[in-house]
Every structure is written in C-alpha cells, then in structure tokens.
Visitor: 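One structure, pasted below without further comment.
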Amino acid sequence: MPLSEHMKSPPCRHLPIFILSQFITAFCLFAYIRLSKDPGQEVQAGQPSTLTTQPVNNPTTPQPGSELTILLWTWPFGQHAALRKCSKLLGIHDCHITANRSWYLKADAVIVHHRDVCSSPKTLPEGPRPPSQRWIWFNLESPTHSPNLGFMDNLFNLTMSYRRDSDIFTPYGWLEVLSQPQNFSIPAKSKLVAWVVSNWNPDSRRVQYYEELKKYIHVDVYGRKHMSLPRDKQLSTLSQYKFYLAFENSLHEDYITEKLWSNALGSGAVPVVSGPPRENYERFLPPDAFIHINDFPSAQGLAQYLQELDKDLVRYQRYFQWRTWLNPSERTYLAIHLCKACQALQMTQTYQTRPALSKWFH
Ligand SMILES: *[C@@H]1O[C@H](CO)[C@@H](O)[C@H](O)[C@H]1NC(C)=O
Ligand SMILES: *[C@@H]1O[C@H](CO)[C@@H](O)[C@H](O)[C@H]1NC(C)=O
Ligand SMILES: *[C@@H]1O[C@H](CO)[C@@H](O)[C@H](O)[C@H]1NC(C)=O
C-alpha cells in the first residue's frame, strides 16, 4: 500500500536534546557559518532539494590576505574529483587546494590519503619538510581495512577521518537543521526489505545474520552475485522499500558509512543498522530514526518487529517524524572534506604530532 501521504508535524519528543547534542558535537566542531546548498551540483535526481541552514556560532575569522596552500598528495584511490571554492561550499576564506606536487615546498599542509601510500613509505613525500608545514593523515576506511598503520607513526600533525575525535572530522554524513519545519513525504512503498552488498563473504558476521533473518522475512539482495542494481536506479529502487539493511562491513566506533546515509536515509527507507552500538548511532541520528539489530535478542525478533511495522502505518511513520526538522546532508564528497581541512587550518595555529597514530586508529 502506498504511504505517500504527508506527515503531520508534531514536535518530536527527542528533538531538543538531540539538536543540542548535535551542536555540541558535530556543529561546533565544524563551526559552519551556514551551509547554503548550491543548486544543481550535488542534489541527486529524485531527492528533495530542501535548503540547509545551520544555526551555528560565529563564523571563523580567517587571517585576512593569507591564502593557505593545501597539497593533496594523491587523489584518493586515484580518482580525480572536482575541487570547488571553499568560500562557496562553506562560506569561509578560500584556500589554494592543489594536487600539483610542484607546490610541495610552498604548501602549508599536505593531505596524505592512507590507502594510496600505505603499501610503501617510499610513496610519501621525500626530502626536507618545510618547518611550518603540516601533514594531514586522511582516511575514511575502517581500521580493519587500513593496512600498515605502523608506517604512519611519528609523521603526521593532524588526522582527518570519520572518527569524531579526529582533528578534522569528515564523517560519511550528518544532519542539517532546517530553518522551517517541512512536511516530509514518505516515498511510495511497495516492498519490504532491501540490502545492497558488494563484498559477499559467507563467513562474515553480516552475511550470517542475513542468513538467519531470511528464514523469517523476505529480503531482496542486490549487488555482485545478486540482483543487479545500476547506480542510476539505486535511489528509485531502494526508495520503494520500507526498510534497508545498513550493515557495516566491520565494527568500529563512529564507522557509519554511506550504507546508512545514502542507501537508507537518502532513499527514504528506514535503516536497520548493524555496526557500532546504538549509543554511537545516536550521536549522529535521533533514536527514532533507525532500528538497531541489537535492539532484538535474535534475527527472528527483528523479523517479527519489521512485520508488525509493515502492518501498522502509524508506527512506521514515526520513523520519519525527525525529518520535520532535520535533513540528511547530501554534501559528502571530496571537495567538502578538503574545505573542512582548509577551515581547520585557518582556525588552529597549534601544531602537534600524532606520534602513535596506529595506536589511536584501531
Ligand atoms: C604545477 O605547478 C607548476 C608551478 O606552478 C606549474 O609550472 C605546472 O605547469 C603545474 N603542472 C600542472 C600539471 O598543472
Ligand atoms: C504541512 O502540513 C500542514 C498540515 O497538513 C499544513 O498546515 C502546512 O501548511 C504544511 N506546510 C508546508 C510547508 O507545506
Ligand atoms: C609535524 O610532525 C612532524 C613529525 O612528528 C614534526 O617533526 C613537525 O615538527 C610537526 N610540524 C609542525 C608544524 O608541528
């Protein structure tokens, strides 16, 4: 049955506390002035292109006249991406961001993407390091998929990762507070549970959980070895499902990826998450925005719950109440991450070293 009716907008019980904690964690860290959406750039087809305002503290006051140079040592995974002006993206003073290594000696900071250099320390910049230059270790993979961390000890001054305690916090997603309430329309639903999985490992925790779950509820599985799902069909396909299994490939604090942000929330399916504990997810999302597999003693219990929600429209709709005031950001791409680095470098003059990076990132 299609559920595309407009939600009323009753005040969400958890909202004030949630917003407060959001400010204290993410927003204060970023200290965004405001995040105005640039039209047409990163809005994906079919997604609501609602505005995004961040009512936050005062803007950062950059040093006038001093444009910092940031050298991106490698394109992450060798993939070139569009760079954009930080004044446009974050409303801050611009940095000169380049991937041209001729700038090495002049660069105020060098961003090193872990996976592109971890095979050998020889791939790191060589020669004397300019005294005030800062090296930034950049990684969005989990420790399980970050080999040779030991090479990285005693080299870096700043960290840039999905972890909240990074010097430069670059999560896979975050919520933006709307300046006015919206009537979020739940996409029309005709199917129950979907999962997209590219690395199918039968011994993995998540596949074993799925094997148990599917005894009690039907799950449509997409990805290599399963039904195909072209990228341009992903959003429209997944939005037809009431629930999406956002199962992370490894369990680490704050490691909450696009499986949640894009596949589930971006398509308007209720996320069923497996990853770090519920409390960790609640640092990023209101408690009633997702279902955690640990909320249930067994996969059978989860299946029963999903079936109950399937028959109870009012209870299902409660998983969308938070959207009255909050939107998942769609602005998570390299240019944004680099501008966050630009912002952090402008704000902090303190230098430090992460001597034991491998101990911190585990
Ligand atoms: C790199 O920068 C140098 C110095 O500004 C410049 O001469 C050179 O053409 C640039 N290389 C590329 C590929 O843009
Ligand atoms: C949202 O829905 C309510 C009740 O249906 C209506 O009064 C209000 O005008 C709507 N707001 C917007 C922005 O559409
Ligand atoms: C950055 O870290 C390196 C390696 O520990 C250190 O030698 C250097 O002095 C630090 N640079 C700054 C600007 O703090």
Side-chain angles (χ1 to χ4, degrees), residues 29-31 60-90 92-141 143 146-170 333-362:
L29 265 170
F30 301 170
T60 60
T61 19
Q63 264 53 47
S66 58
E67 188 165 284
L68 297 172
T69 293
I70 300 176
L71 172 60
L72 183 61
W73 188 245
T74 62
W75 289 103
F77 301 107
Q79 290 179 348
H80 289 236
L83 298 179
R84 312 215 346 245
K85 285 203 168 293
C86 300
S87 52
K88 290 247 170 66
L89 290 181
L90 298 184
I92 60 172
H93 199 71
D94 279 315
C95 289
H96 169 223
I97 302 176
T98 177
N100 178 345
R101 290 187 181 179
S102 318
W103 283 90
Y104 175 67
L105 288 173
K106 289 198 186 131
D108 297 288
V110 181
I111 296 183
V112 177
H113 183 246
H114 180 78
R115 282 288 284 267
D116 302 319
V117 298
C118 66
S119 57
S120 159
K122 291 209 179 83
T123 54
L124 289 166
E126 282 175 348
R129 194 192 298 201
S132 66
Q133 186 177 82
R134 280 170 281 179
W135 284 19
I136 302 172
W137 181 78
F138 178 37
N139 188 18
L140 297 181
E141 305 298 309
S146 302
N148 300 339
L149 285 162
F151 289 172
M152 306 297 152
D153 288 348
N154 300 307
L155 283 176
F156 289 92
N157 310 99
L158 296 160
T159 55
M160 178 167 162
S161 85
Y162 64 82
R163 270 187 46 168
R164 277 177 298 127
D165 59 351
S166 306
D167 301 298
I168 301 159
F169 178 40
T170 50
Y333 42 80
L334 183 66
I336 281 269
H337 298 327
L338 297 177
C339 285
K340 284 182 189 164
C342 166
Q343 186 175 39
L345 291 165
Q346 288 172 359
M347 282 198 303
T348 162
Q349 303 299 322
T350 56
Y351 298 151
Q352 59 166 345
T353 308
R354 286 270 183 185
L357 196 139
S358 58
K359 282 219 184 69
W360 170 70
F361 199 74
H362 58 76

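The figures here come from the full heavy-atom set of this structure, side chains too, leaving out hydrogens, waters and symmetry mates. First listed ligand is number 1; within each ligand, the first listed atom is number 1.
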Visitor: Return the NE2 to CG distance between His80 and Leu334, rounded to the nearest 0.5 Å.
Guide: 11.0 Å
Visitor: Heavy-atom distances under 4.0 Å are what count here, so tell me which part of Arg129 touches ligand 3: side chain, backbone, both or neither.
Guide: side chain
Visitor: Measure the distance from atom 5 (O) of ligand 1 to every protein heavy atom, then report the residue, atom name and distance (to 0.1 Å) of the closest one.
Guide: Trp103 NE1, 3.8 Å
Visitor: Counting from 1, what ligand 3 atoms have a heavy atom of Pro131 closer than 4.0 Å?
Guide: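 Reading through ligand 3 atom by atom, the close ones are 13 (C).
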Visitor: Just by distance, with hydrogens left out, do Asp116 and Trp73 show a side-chain donor and acceptor under 3.5 Å apart?
Guide: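 No - no donor-acceptor pair under 3.5 Å links their side chains.
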Visitor: Distance under 4.0 Å to a non-hydrogen atom of Gln133: what atoms of ligand 3 satisfy this?
Guide: 11 (N), 13 (C)
Visitor: With rounding to the nearest 0.5 angstrom, report the CG to OG1 distance, Leu105 to Thr69.
Guide: 12.0 Å
Visitor: Inspect cysteines Cys339 and Cys95 and report if their side-chain SG atoms are under 2.5 angstrom from one another.
Guide: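 No - the two cysteines, Cys339 and Cys95, have SG atoms at least 2.5 Å from each other.
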Visitor: Any protein heavy atom lying closer than 4.0 Å to atom 11 (N) of ligand 1?
Guide: yes
Visitor: Could you tell me whether Arg134 and ligand 3 have an N or O pair separated by under 3.5 Å?
Guide: no
Visitor: Nearest protein heavy-atom contact for atom 9 (O) of ligand 1: which residue, which atom, what distance?
Guide: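 For atom 9 (O) of ligand 1, the nearest protein heavy atom comes out as Asn100 ND2, 4.7 Å.
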Visitor: Go through the side-chain N and O atoms of Asn139 and Ser161 and say whether any donor and acceptor fall under 3.5 Å apart.
Guide: no
Visitor: What protein heavy atom sits nearest atom 4 (C) of ligand 1, and how far away is it?
Guide: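 Scanning the protein heavy atoms, the shortest distance from atom 4 (C) of ligand 1 goes to Ser102 CB, 4.2 Å.
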Visitor: Could you point out which residue of Phe138, Phe156, Trp137 forms a ring-ring contact (aromatic ring centres under 6.0 Å, His included) with Phe361?
Guide: Trp137
